[in-house]
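Below, all heavy atoms of this structure are taken into account, side chains as well, without hydrogens, waters or symmetry copies. Every chain is numbered from 1, with letters handed out A, B, ... down the list of sequences.
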There are 2 protein chains.
Amino acid sequence: MAPCVGLSMASPEPGSGSIGEFVRRRRKANRLSQRDLGELAGVGTRFVSELERGKPTLRMDAVNKVLLVFGKVLSYTEAPREVDLEAGT
Amino acid sequence: MAPCVGLSMASPEPGSGSIGEFVRRRRKANRLSQRDLGELAGVGTRFVSELERGKPTLRMDAVNKVLLVFGKVLSYTEAPREVDLEAGT
DNA sequence: TGAATATGTTCCCGATCGGGAATATTTCAG
DNA sequence: CTGAAATATTCCCGATCGGGAACATATTCA
């Protein structure tokens, strides 16, 4: 396995878009296939696919393995507004 | 279940400390027991405990349910350095 | 247009999450 | 110090994740 992907530019703010979008963007920017990324991160190809497509029930440890390839880790931010509890109104 | 906890101050940056620390801080600031928070979020008491103590294999959906109580959601940030791949040296 | 590659979907299945409740600890006020 | 409340740990167990591989599409490019 490669030591670490060269990576080009890094996103300034913590969450421009969903995690999945970020991963896909980065993966493509680095010309990696899902399989490649999966191997680099130590997760399966299917997982990479699910992650990029926004599956919500993924486990944090696996997600972090992928994010780490791009020098990121899971964190938290302000919720997108209105999305608090279902106690809307 | 209560509509939404009042919440006091909100952390400016997206990840001052671990997610678990954040949750615990917030929970206490709002005088909630783990059981209360669990009910508010719709997760079990044990889960809240594990989350606050930093268990890494938790599922994102459940974590988000808890974070949402405090108006947050999972996101990603710069990794703490050195923590990239295991390709150290 | 057709082949090659990448991505998405499905299946099998062991591993483990997460709820719930009981029990052991820890924490804290009086 | 003492007892109550809160938190941590353990157990049972259904539900589902995640790896791996096969197969179906979708993309890409010459």
Side-chain angles (χ1 to χ4, degrees), chain A residues 1-2 5-8 17-70 72-76 79 85-87, chain B residues 1-2 5-8 17-70 72-76 79 83-87:
Chain A
M1 14 184 130
V5 179
L7 298 112
S8 339
S18 71
I19 297 170
E21 287 173 6
F22 167 75
V23 170
R24 171 164 293 180
R25 213 180 322 137
R26 251 5 177 31
R27 178 175 63 79
K28 297 215 160 178
N30 286 76
R31 312 260 191 217
L32 297 171
S33 68
Q34 295 183 331
R35 177 200 306 272
D36 294 333
L37 179 53
E39 288 182 14
L40 275 174
V43 302
T45 305
R46 195 201 52 197
F47 181 85
V48 175
S49 177
E50 293 176 332
L51 171 56
E52 291 191 347
R53 287 165 17 122
K55 187 173 179 182
T57 61
L58 303 174
R59 289 203 311 209
M60 297 205 303
D61 60 331
V63 175
N64 270 324
K65 285 202 267 184
V66 175
L67 286 178
L68 222 39
V69 171
F70 300 121
K72 307 287 186 193
V73 288
L74 281 176
S75 180
Y76 52 91
L85 285 185
E86 84 288 0
Chain B
M1 18 189 123
V5 179
L7 297 116
S8 340
S18 71
I19 297 171
E21 287 173 8
F22 167 75
V23 170
R24 171 163 292 181
R25 215 181 320 138
R26 267 321 190 27
R27 178 175 63 77
K28 298 214 159 177
N30 286 78
R31 314 258 188 211
L32 297 171
S33 68
Q34 295 182 330
R35 177 201 301 276
D36 295 332
L37 179 53
E39 289 182 12
L40 276 174
V43 302
T45 304
R46 194 200 51 196
F47 180 84
V48 175
S49 176
E50 294 176 330
L51 171 55
E52 292 190 347
R53 312 221 346 277
K55 187 174 179 182
T57 61
L58 302 174
R59 287 203 317 217
M60 296 205 301
D61 61 330
V63 174
N64 270 324
K65 285 203 267 184
V66 176
L67 287 177
L68 221 39
V69 171
F70 300 123
K72 307 285 187 196
V73 289
L74 281 175
S75 181
Y76 53 90
V83 192
D84 277 70
L85 285 185
E86 83 290 0

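In this structure, CG of B:Asp36 is placed 10 Å from C1' of D:dA6, rounded to the nearest angstrom. Rounded to whole angstrom, the span from the CE atom of A:Met60 across to the C1' atom of C:dG18 amounts to 14 Å. Rounded to a whole Å, the CG atom of B:Asn64 is 18 Å from the P atom of C:dC17. Going from atom CD of B:Glu50 over to atom P of D:dT10 covers 11 Å, rounded to whole Å. Here the C1' atom of nucleotide D:dC29 and the CZ atom of A:Arg31 are 14 Å apart, to the nearest Å. Distance A:Gln34 CD to D:dG18 P: 15 Å, rounded to the nearest Å. Separating the CG atom of A:Leu51 from the C1' atom of C:dT9 is a distance of 17 Å, rounded to the nearest angstrom. Look at CD on B:Glu52: it is 11 Å from C1' on D:dA6, rounded to the nearest Å.
One finds no side-chain N or O of A:Arg35 lying less than 4.0 angstrom from the OP1 or OP2 phosphate oxygen of D:dG19. Listed pair A:Lys55 / D:dC17 meets the phosphate criterion, a side-chain N or O lying under 4.0 Å from OP1 or OP2. Taking 4.0 angstrom as the limit, A:Ser49 places none of its side-chain polar atoms (N or O) nearer than this to OP1 or OP2 of C:dT7. Taking only side-chain nitrogens and oxygens, B:Arg27 comes nearer than 4.0 Å to OP1 or OP2 of D:dT7.
Between C:dG8, D:dG19, C:dG18, one nucleotide has an atom nearer to the side chain of A:Val43 than all others, and that is D:dG19. Distances were taken from every side-chain heavy atom of B:Phe47 (C-beta onward) to each of C:dT9, D:dA8, C:dG19; the shortest belongs to C:dG19. Considering only the side chain of B:Arg24, D:dA8 comes nearest among D:dA6, D:dA8, C:dT7.
Without hydrogens or angle criteria, B:Arg27 side chain to B:Leu32 main chain gives a donor-acceptor distance under 3.5 Å. Listed for the B:Asn64 side chain is no donor-acceptor partner under 3.5 Å among the backbone atoms of B:Asp61. Here the side chain of A:Lys65 pairs a donor or acceptor atom with the backbone of A:Gly42 at under 3.5 angstrom.
Across the interface with DNA chain C, nearest-nucleotide mapping of B:Lys28 and B:Thr57 shows B:Thr57 to be the residue nearer the 5′ end. Closest-nucleotide positions on DNA chain D for A:Gly44 and B:Arg59 were compared, and the one nearer the 5' end corresponds to B:Arg59.
Terminal axes of the helix from C:dT1-D:dA30 to C:dG30-D:dC1 (five pairs each, C1' rotation axis) are separated by 70°, to the nearest 10°.
The two residues A:Arg59 and B:Thr57 come nearest to each other via the heavy atoms CD-O, 3.3 Å. The two atoms that bring A:Gln34 and A:Glu52 nearest to each other are NE2-OE1, 3.1 Å, heavy atoms only. Between A:Ile19 and A:Val63, the shortest heavy-atom distance links the atoms CG2-CG1, 4.3 Å. Of all heavy-atom pairs spanning B:Val66 and B:Ala41, the tightest one is CA-CB, 3.7 Å.
Side-chain atoms of B:Arg46 come within donor-acceptor range of the base of C:dG20, with a qualifying N/O pair under 3.5 Å.
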Could you walk me through whether A:Val23 and B:Tyr76 pass the side chain to side chain contact (heavy atoms under 4.5 Å, CB included) check?
CA-CA 10 Å; A:Val23 170; B:Tyr76 53 90; over 6 Å; no
